[in-house]
Amino acid sequence: MDGSTKTLATPVKMPLVTNASTQLVDQFGRHKHKLRISLTDRCNFRCSYCMPDKPEWLAKKDILSFEELLKFCEIMVHLGIQHIRLTGGEPLMRQGVVNFIHDLNRFKAHGLQRISMTSNAFYLKKYAHALQQAGLDDLNISLDSIHPDTFKSMTKRPLEPVLQGIAEALHVGIPIKLNCVLVAGKNDHEIVELTQWAYEQNIELRFIEYMPLDQPLHWQPEKVIIEDQIIQKLTAHFQIKKQQRQHDPATIYRLNNDYKLGIISTISKPFCQTCDRLRLTATGELFTCLFANAGTPLRDLLQKNDLSSLTTTIMDAVWHKKAGFIAHQQAPIRKISMHAIGG
Ligand code: SAM
Ligand code: SF4
């Protein structure tokens with residue numbers, strides 16, 4: 001901690017919010033446009049803020065097939081989803097992901113606007129060209145440090161393949177953003193340096209406040225570096241202008257009038273009022289909130305091909321979406337951590 005005042009958000013009442021209309025709307029008037037799909041819980045990294053030290057992987061038989069996923073995506077696009085993001089675990093560890101992206105592109109004729117991926121980039125050098133050819137629109141890449149030692153202490157893996165993956169994505173022309181989770185005492189001393197590095201490469205960087213979604217009892221409020229602390233550190237080095245908040249979960253700042261920096265401040269300034277996201281786990285559970293204690297299982301209905309029940313079940317689950325972290329501000333009580341729900 002750097003001695004600056006840290007204020008975690010105080011619970012507030014949910015206002016009624018409406019945005020562009022879809023059939024996926026909750027009791028607070030929040031329409032859903034974005035879907036995140038966890039393709040696998042498996043990951044070659046061991047980021048301490050994300051997963052237990054000794055993860056128990058799902059059995060392969062319990063993971064949705066691409067056929068089931070395509071059926072689900074078709075329904076969701078029909079109901080108004082415009083943006084699908086593939087995540088994990090590590091999505092590049094799922095065999096067949098390139099073909100799946102290729103197949104998803106057919107939904108662009110029916111309202112889907114973007115197909116994105118969030119990856120640790122370890123295998124990206126190998127896959128970047130194929131992903132670009134398959135129709136991936138953009139990539140978010142996790143990069144918690146540009147120092148091999150810090151990087152290894154946070155992820156338990158080497159940095160170099162990740163930097164090579166980033167270079168390759170830029171080379172083949174996939175637009176990228178970088179995600180950095182800040183953990184006090186781990187990488188918060190590198191905020192300025194990482195920003196400078198991303199600034200020089202002109203790659204948008206997003207700092208993410210550390211959320212209580214890892215293994216139970218691991219997260220502590222003292223480990224969170226909040227938006228105001230980040231800005232305070234950067235102020236001495238950049239001219240900074242805050243931008244008007246849009247639907248994006250990140251607050252955007254302009255640095256030196258040209259560079260875009262994002263901060264996702266779930267903890268200090270929750271954005272639940274404008275949340276337009278849904279999540280599907282690798283086993284086919286629909287989570288309407290990252291902080292929900294349970295999801296709605298859809299696999300049986302997908303296997304029965306019962307489209308009418310599926311649509312009703314999905315719309316009902318979305319309608320009952322709770323206010324979110326903004327209302328109760330505590331870690332969810334559930335078995336799965338971030339690597340299984342998909343971030
Ligand atoms: N393996 C991929 C990656 O790391 O980019 C995709 C899955 S990961 C769960 C998705 C995102 O969640 C990453 O950007 C990661 O940094 C973020 N994340 C994981 N645990 C988090 C936590 N406890 N708080 C905030 N962000 C977290
Ligand atoms: Fe793996 Fe991504 Fe979680 Fe790190 S953040 S352990 S790379 S899923």
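When a ligand or atom number is given, it counts from 1 through the structure's own listing order. Keep in mind that the numbers below use all heavy atoms, side chains included, and drop hydrogens, waters and symmetry copies.
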Worked check of side-chain hydrogen bond (donor to acceptor under 3.5 Å, both in side chains) between Glu193 and His147: CA-CA 10 Å; Glu193 200 179 351; His147 284 288; 2.9 Å; yes
Ser38 and Arg279: side chain donor to acceptor below 3.5 Å: no
Residue-ligand contact Glu209/ligand 1, heavy atom below 4.0 Å: yes
Atoms of ligand 1 close to Thr87 [distance to a heavy atom under 4.0 angstrom, numbered from 1]: 6 (C), 7 (C)
Mode of Ile208 contact toward ligand 1 - side chain, backbone, both, neither (heavy atoms, under 4.0 Å): side chain
Approximate separation, where rounding is to 0.5 Å, of Tyr199 OH and Leu205 CG: 13.5 Å
Gln23: which of Thr311, Ile81, Leu79 passes side chain to side chain contact (heavy atoms under 4.5 Å, CB included): Leu79
Ligand-side contact atoms (ligand 1) for residue partner Thr118, heavy atom cut-off under 4.0 Å: 2 (C), 5 (O), 6 (C), 10 (C)
Glu67 atom CD, over 12 foreign heavy atoms within 6.0 Å: no
Cys50 neighbourhood, listing ligand 1 atoms whose heavy-atom distance to it stays under 4.0 Å: 9 (C), 19 (C), 20 (N)
Charged N-O contact under 4.0 Å between Lys223 and Asp188: no
Identified side chain to side chain contact (heavy atoms under 4.5 Å, CB included) counterpart of Ser119 within the set Asn140, Val162, Leu92: Leu92
Hydrophobic cluster identity match, Tyr127 and Leu170, side-chain contacts under 4.5 Å: yes
Residue and atom names of protein N/O/S atoms that fall under 2.8 Å from atom 1 (Fe) of ligand 2: Cys43 SG
Atoms of ligand 1 close to Asn120 [distance to a heavy atom under 4.0 angstrom, numbered from 1]: 2 (C), 3 (C), 5 (O)
Geometric cation-pi criterion Arg94 and Phe66, 6.0 Å radius, 45° cone: yes
Co-membership, hydrophobic cluster, residues Val192 and Leu194, 4.5 Å side-chain: yes
Element-labelled atoms of ligand 1 that are located less than 4.0 Å from some non-hydrogen atom of Glu90: 1 (N), 2 (C)
Contact atoms of ligand 1, heavy-atom distance to Tyr210 under 4.0 Å: 23 (N), 24 (N)
N or O contact, Gly88 vs ligand 1, cut-off under 3.5 Å: no
Residue Asn179 vicinity, atoms of ligand 1 by number, heavy atom under 4.0 Å: 14 (O)
Proximal candidate to atom 1 (N) of ligand 1 [heavy atom criterion; set Cys43, Gly89, Ser142, Ser119]: Gly89
Side-chain touch Ile84/Ser116, heavy atoms, less than 4.5 angstrom: no
